Amino acid sequence: MSYSIFFFFILVLANPSHQAPDLVTTTCDKTLYKDLCKSALATAPKTDVKDVQSLAKFALEMTSLNGGEIHKRITQLLTTNSDEFVKQCLTDCSTVYQDAIDQLNDSMVALDTKAFNDVNTWVSAAMTVAQSCEDGFKGKQGIVSPLTDMNKRFGQLCSVSLAITNQAAKN
Ligand SMILES: *[C@@H]1O[C@H](CO)[C@@H](O)[C@H](O)[C@H]1NC(C)=O
């Protein structure tokens, strides 16, 4: 009898259908971009999947790294573009992305001290950067932004990070 109870529990534990949805899924389901969130957090080390606050920090780091990649791309584009208008747009984008990266990195530090209001302010500010970079290219007819996809993804990553930090603030 006691053996069958024991094996029953082994079965329950081993069967994934009996497990509650994992923390990444429940956290990402409360963001606007669930799939992007899940793919960004899929690479989180186990130590960061212990609570929402750790996930928030990891999301901020991913967003900051993404901003860094875009910043690099802008630097490349600046060396290959000769159009003065485009170069000015790229220079503006470079400046605002650098600010966004700084704000995201400051947010990671602020998160450690649970300064959630600061985090909210800074990540919200970083989120506007994607749109302001993109809008610059609309100032002249016939110009196509070379950064549309990257801006879109960055804005969505900021939105996801903000949604997760706001969940952490409620915990
Ligand atoms: C910001 O944080 C990212 C991710 O941790 C790091 O790679 C980068 O060097 C930091 N940048 C600055 C300017 O502190």
Side-chain angles (χ1 to χ4, degrees), residues 21-81 86-137 145-171:
D22 61 89
L23 184 64
V24 168
T25 303
T26 52
T27 305
C28 286
D29 281 349
K30 291 179 208 154
T31 70
L32 277 179
Y33 307 102
K34 300 174 177 55
D35 292 340
L36 176 67
C37 176
K38 284 170 200 170
S39 70
L41 296 187
T43 56
K46 276 209 167 62
T47 47
D48 281 343
V49 190
K50 60 180 192 298
D51 53 37
V52 178
Q53 169 132 351
S54 307
L55 282 182
K57 193 163 175 186
F58 186 77
L60 286 170
E61 191 182 350
M62 289 295 102
T63 309
S64 171
L65 289 173
N66 182 250
E69 282 164 23
I70 298 171
H71 192 263
K72 257 194 227 149
R73 179 78 188 120
I74 294 170
T75 306
Q76 278 176 352
L77 287 168
L78 270 168
T79 64
T80 54
N81 257 284
V86 172
K87 279 175 114 167
Q88 186 55 55
C89 293
L90 289 169
T91 304
D92 293 345
C93 288
S94 175
T95 306
V96 290
Y97 264 103
Q98 188 55 61
D99 290 346
I101 293 163
D102 289 343
Q103 282 169 318
L104 290 166
N105 288 14
D106 287 347
S107 296
M108 283 188 256
V109 179
L111 200 60
D112 281 339
T113 63
K114 298 188 185 286
F116 292 114
N117 282 338
D118 287 344
V119 177
N120 191 298
T121 305
W122 295 335
V123 180
S124 300
M127 189 156 73
T128 66
V129 158
Q131 193 62 50
S132 94
C133 169
E134 194 58 25
D135 284 347
F137 296 96
S145 164
L147 295 167
T148 304
D149 291 345
M150 287 184 136
N151 280 332
K152 189 173 159 203
R153 187 179 159 82
F154 181 79
Q156 293 179 348
L157 279 171
C158 285
S159 162
V160 163
S161 296
L162 193 60
I164 302 177
T165 48
N166 286 339
Q167 288 179 53
K170 283 182 206 139
N171 278 353

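Everything quoted here is computed from the prediction, not taken from an experiment. FYI, side chains are in, hydrogens and waters are out, and symmetry mates aren't considered; it's all heavy atoms of this structure. In each ligand, atom 1 is the first atom listed, and ligand 1 is the first ligand listed.
When only modelled atom types and interatomic distance are considered, Asn66 and Thr63 share no side-chain donor-acceptor pair under 3.5 Å.
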Quiz prompt | Chi angles and distances behind the side chain to side chain donor-acceptor pair (under 3.5 Å) call for Asp51, Ser54 | solution = CA-CA 6 Å; Asp51 53 37; Ser54 307; 2.6 Å; yes

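Checked against a 3.5 angstrom limit, the closest N/O atoms of Asn105 and ligand 1 fall inside it.
For atom 9 (O) of ligand 1, no protein non-hydrogen atom is found at a distance below 4.0 Å.
Looking only at protein heavy atoms, the nearest one to atom 13 (C) of ligand 1 is Asp102 OD1, 3.8 Å. Of the protein's non-hydrogen atoms, Leu65 CD2, 3.5 Å is the one closest to atom 7 (O) of ligand 1. In terms of protein heavy-atom proximity, atom 5 (O) of ligand 1 is closest to Glu61 CG, 3.6 Å.
Atoms NZ and CD1, from Lys30 and Ile164 in turn, are 10.5 Å apart once rounded to the nearest 0.5 Å. Going from atom SG of Cys89 over to atom CG of Leu77 covers 12.0 Å, rounded to the nearest 0.5 Å.
The shell of residues lying under 4.0 angstrom from ligand 1, judged by heavy atoms, includes Ser64.
What you find for Phe154 and Ala126 is that their closest heavy atoms are CE2-O, 3.5 Å.
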